[in-house]
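As structure tokens, the structure follows; a few thoughts come after it.
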Amino acid sequence: MSGLAVCTIVSKNYLAYARVLARSLGRHHPDLPLHVLVVDCADGCFRASEEPFEVLWLDDLDLADLRTLRFRNSQQELLVSAKPLLLSHLLDLGFDRALLLDADMLVLDRLDPVLEAMQRGSPVLTPHLLEPPSGPDRIERELNILLSGTYNGGVVGVSDTAAGGSFLEHWGERLATHCRSDVTRGMYFDQRWLDFVPSHEPSLAVVRDPTVNVGHWALPERRLEMEGETLLVGGRPCRLFHFSGFEPWHPERVSKRAARLRMQDLGSGAAVFTRYAELLRDAGIDRTRWFPYSFGRFDGGVEIPDIARLVHRELGEGAKRFGDPFADGRGSFLRWLRAPVARGRGPGTAVSRLWDAVYRSRPDLQELFPDHLGADRAGFVAWTAERGLAEHRIDGGWLGCETPRWRLRRRWG
Amino acid sequence: MTARAACTIAAKEQWALARVVAASFAEHHPGTPMFVLLADEPDGAFDPAAEPFEVVRLSELELPDRRSLLFRYAQQPLSYALTPYLLGLLLDRGYEQVLFIKQESLVTGELEAPFATLETSAIALTPHLLEPLSGEGAADRELPILLAGAYNGGILGIADRGQARAFLEWWQDRVLNHCLHAPEDGLHYEQRWLDLALSYFDQTGIVRDPGCNVGHWNARQRGLRMEGGRLVAGGHRCSLVRFSGFDEREPERVTRYADMRLADMGPAAEVWRLYTERLLAAEAQTTREWGYAYDHFDNGVRIPPLARTIFGELGDSARRFGDPFCADGDTSFFGWLREPVAVQAPGPPVTRLWDEVHRRRTDLQRAFPDHRGADRDRFLDWTAASGTGEHGVEERLGGSP
């Protein structure tokens, strides 16, 4: 096998996006099938053989300890941290080059500027901004980009070269342990790590064609307009549009990440959003968006809080003693998390390891309840119920510690 | 022959550092002038004309709203913010290739790599790292670099062609009000902005010489040491060592930015010792004592850091005060800080300065929820007993009006 592989990653609630991307890619590059890594199980929701793309499963990637990988990453984190894994896999299969596209993209013309860059260098990246933004919010917009990464993680090309390999190795290692949104510490999923690429990889090729990877961050500087059926960007046909943060069920909003932009600011170019929403509907989004993620819950059905994933990660090798992290029986990680680190007098006053971990992750709580296991325990426990559940999107069953209720009813709410 | 120059920026109290970097540059670049911007005023402490390098004065720079700029930044961020302005001045003077070197540096060899980059690029940037960090906690050690910026502002170059002026104009605009240290907001003085340069300006070249720009963040990884009478790093001849965060008065501490002792530095420690000797020979003990011309109002009252911040946040509306250093009259910024805010009961009022302090500190808001009313006396007791010390506020500014 040789040549180029184009790929994307979805969980099954994003299937409609991959279908739209695959069809639009096929229209302009009939020779390039889309490889779609599904970081999920089909669970009878769809049949891989009926999709307009080649399906790959995480099990195909020969990863050590897949259960731990699935547990330690939220759905969103896994979708992102699988990028270097998928690109490496495709190169291992024998492709010379591999190009990852985010699923929420629409190919509108041939991707020649990207393919040419992949002949020229490796890796290939696209900057969010090609020119300084204008207007009174220009600095705020630049700071947003500095916090989330100067390069967009939605287009990443690599060749089967030493530079491609060293790039994937660094990116993969960092995403394995540090794929989170924590911009105050320098992390924004996969993207901030890409800021090191110009330093590390002299063979980096930067795609500066404004018709490629057009997203909300580059608007309104890259001027959109429709000419008949064709979307123009600065007067030239758009090749690749990135609908980052666009939700077809909120058709009036350009992106949930850019409240500053309204559809009417985009002029006739807004039509591309209407069209994309129609394509998604035709691809079944009204059904697929409700497909449940297969790895969001413990075996017994209890939802996995994000903080639990983080604690498991922090335990490192020490977490091995629990065996399968999704288990919820005796000796399981879940039982350990629910065990108290401090007991109070009377019911409902104990602090479990889960809430202790929440406390340790929040300097504001440490200031508010300096002695959360002692003098301030009652206040802290009250906070877990009044604010903690909502702020951390944790199921109410996690309040308190191991209780009779817990033993009687394994599936909460 | 290309007209080359180098430059640095220092206030009086760092004058010994400027002398050392300028002298060391001259040793390895005979015939290439080094300019030192005095981000300060001499105030009789020394004679700029007597220095063996050309001293550029603040008055020679074209700075928008100069007095306001000098007021809203403390000395260190001010000197950082002046970088793109100094580079612009030297291009205007006809130099074709200009290197900026931060003042806490030692040139140890000819700076071939950055000048070579400027032969083909309009902008030359130096990354902090040339390869990923390895070993225990590598990712956690890379995160501070992502927060500070992938490129080091300690050495960069500009060539008078193509996108150079556009780059400088953009950078000047950004540092004018956003040369601040707030990594959680994407700001790290002038440096973090450089992360965007390669996106905007494809004539940006990257200097990849492991011997150029060795500092506490990479000295151990690159094996900085003396070898047969010459300094090497990463297997290359070392041409520039950076001592960011080093203070010769605390010579065993490598940098204030990290918990690193000289004893942990191995053979590289010798370079820090050598640098300390050169600073002392350049009269660091004397120059450290020279004051800063812009650290007080014109009535001699010291400007607390918070007053600079408040002034900066007022933006254009601060124009109504005129010269912010002026402490005279009812319309001065100084007078405004001393004005009482919303008096709700008889008794001594809370002034605007302390009201602003309260607004910015959640601990004070918890301790004195009603600081203008019921908690006012206790709050005023706190300002007198602790606030003045914590915020560096003199009686004439913070006392009862």
Side-chain angles (χ1 to χ4, degrees), chain A residues 125-134 136 138-152 166-167 169-180 182-188 191-202 204-208 217-218 221 364 367-368, chain B residues 125-134 137-152 163 166-167 169-171 173-178 180 182-188 191-208 218 315-316 362-363 366:
Chain A
L125 295 176
T126 56
H128 280 114
L129 302 173
L130 296 172
E131 56 184 309
S134 47
R138 64 190 190 284
I139 287 184
E140 191 188 329
R141 285 174 59 199
E142 281 182 321
L143 292 177
N144 270 329
I145 294 296
L146 286 173
L147 288 176
S148 54
T150 49
Y151 301 93
N152 183 254
S166 64
F167 159 67
E169 189 185 333
H170 177 248
W171 202 30
E173 278 178 13
R174 295 300 173 259
L175 296 191
T177 55
H178 290 70
C179 177
R180 293 198 285 284
D182 189 351
V183 295
T184 64
R185 286 192 57 216
M187 286 178 275
Y188 189 69
Q191 250 173 207
R192 279 292 264 131
W193 294 109
L194 296 177
D195 282 337
F196 275 129
V197 177
S199 305
H200 296 165
E201 305 296 344
L204 162 71
V206 176
V207 180
R208 290 202 169 75
W217 47 82
E221 284 76 20
D364 60 331
E367 204 181 308
L368 215 52
Chain B
L125 299 181
T126 311
H128 277 110
L129 302 176
L130 294 172
E131 55 190 50
L133 293 178
S134 52
D140 288 315
R141 284 180 284 125
E142 284 179 351
L143 287 174
I145 295 175
L146 286 176
L147 289 175
Y151 305 95
N152 183 261
Q163 298 166 334
F167 162 70
E169 265 173 45
W170 165 76
W171 199 20
D173 181 69
R174 297 314 186 254
V175 296
L176 206 49
N177 291 298
H178 294 84
L180 302 166
E184 66 284 5
D185 296 328
L187 291 164
H188 197 285
Q191 185 171 275
R192 191 71 212 287
W193 291 110
L194 298 175
D195 281 4
L196 288 166
L198 189 63
S199 299
Y200 298 156
F201 306 104
D202 62 358
Q203 292 167 11
T204 302
I206 292 177
V207 181
R208 290 184 200 280
N218 59 15
D316 282 345
T362 52
D363 60 331
R366 274 198 303 277

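Values in this document were obtained by computation on a predicted structure and should not be read as measured data. All chains are named by letter (A, B, ...) in the order of the sequence lines, taking the proteins before the strands, and each is independently numbered beginning at 1.
- Residue contact with chain A, scored on non-hydrogen atoms closer than 4.5 Å, involves the backbone and the side chain of B/P132 alike.
- For A/E201, the part lying near chain B is the backbone, with the side chain staying farther off; criterion is any non-hydrogen pair under 4.5 Å.
- Rounded to the nearest 0.5 angstrom, A/I139 CD1 and B/N177 CG are separated by 6.5 Å.
- Of the atoms belonging to A/R192, heavy atoms from both backbone and side chain fall under 4.5 Å from chain B.
- Looking only at side-chain heavy atoms (C-beta outward), A/Y188 and B/L146 stay at 4.5 Å or farther from each other.
- Per-residue counts of heavy-atom pairs under 4.5 Å with chain B were compared for A/T150, A/N144, A/L125; the largest is that of A/T150.
- In this structure, CD in A/E142 is found 3.5 Å from OH in B/Y200, a value given to the nearest 0.5 Å.
- In this structure, chain A has heavy atoms under 4.5 Å from both the backbone and the side chain of B/L129.
- Side-chain atoms of B/R208 come within 3.5 Å of backbone N or O of A/S199 as a donor-acceptor pair.
- The two atoms that bring B/A150 and A/D195 nearest to each other are CB-O, 3.7 Å, heavy atoms only.
- For the ring-ring contact (aromatic ring centres under 6.0 Å, His included) test, residues two or more places apart in sequence or in another chain that qualify with A/H200 are A/H170, A/F196.
- By number of non-hydrogen pairs under 4.5 angstrom with chain A, the leading residue of B/L143, B/D173, B/L125, B/T126 is B/L143.
- Exactly one of A/L147, A/V183, A/T184 qualifies for a side chain to side chain contact (heavy atoms under 4.5 Å, CB included) with B/E184. That residue is A/T184.
- Within the model, atoms CZ of B/R366 and CD of A/E367 stand 4.5 Å from one another, a figure rounded to the nearest 0.5 Å.
- For the atom pair CZ (A/R138) and CZ (B/R174), the distance works out to 5.0 Å, reported to the nearest 0.5 Å.
- Among all heavy-atom pairs drawn from B/A139 and A/W193, the shortest one is O-CH2, 3.7 Å.
- Using a 4.5 Å heavy-atom cutoff, the side chains of A/H178 and B/D140 are in contact.
- Residues B/D195 and A/L146 are in side-chain contact: their nearest non-hydrogen atoms beyond the backbone lie under 4.5 Å apart.
- Each of A/P132, A/G186, A/P127 has some count of heavy-atom pairs under 4.5 Å with chain B, and the biggest count is that of A/P132.
- Using a 4.5 Å cut-off between heavy atoms, A/L175 does not touch chain B at all.
- With rounding to the nearest 0.5 angstrom, the CG atom of B/L133 is 7.0 Å from the CZ atom of A/R174.
- Contact of B/A138 with chain A is made through backbone and side chain together, with heavy-atom distances under 4.5 Å.
- Here A/R208 contributes atom CZ and B/F201 contributes atom CZ; the two are 10.5 Å apart, rounded to the nearest 0.5 Å.
- In terms of the ring-ring contact (aromatic ring centres under 6.0 Å, His included) criterion, residue partners of A/W217 (sequence neighbours excluded) are, by chain and number, A/H128, A/H242.
- Most heavy-atom pairs under 4.5 Å with chain A: of the set B/D363, B/L198, B/T362, B/I206, this distinction falls to B/L198.
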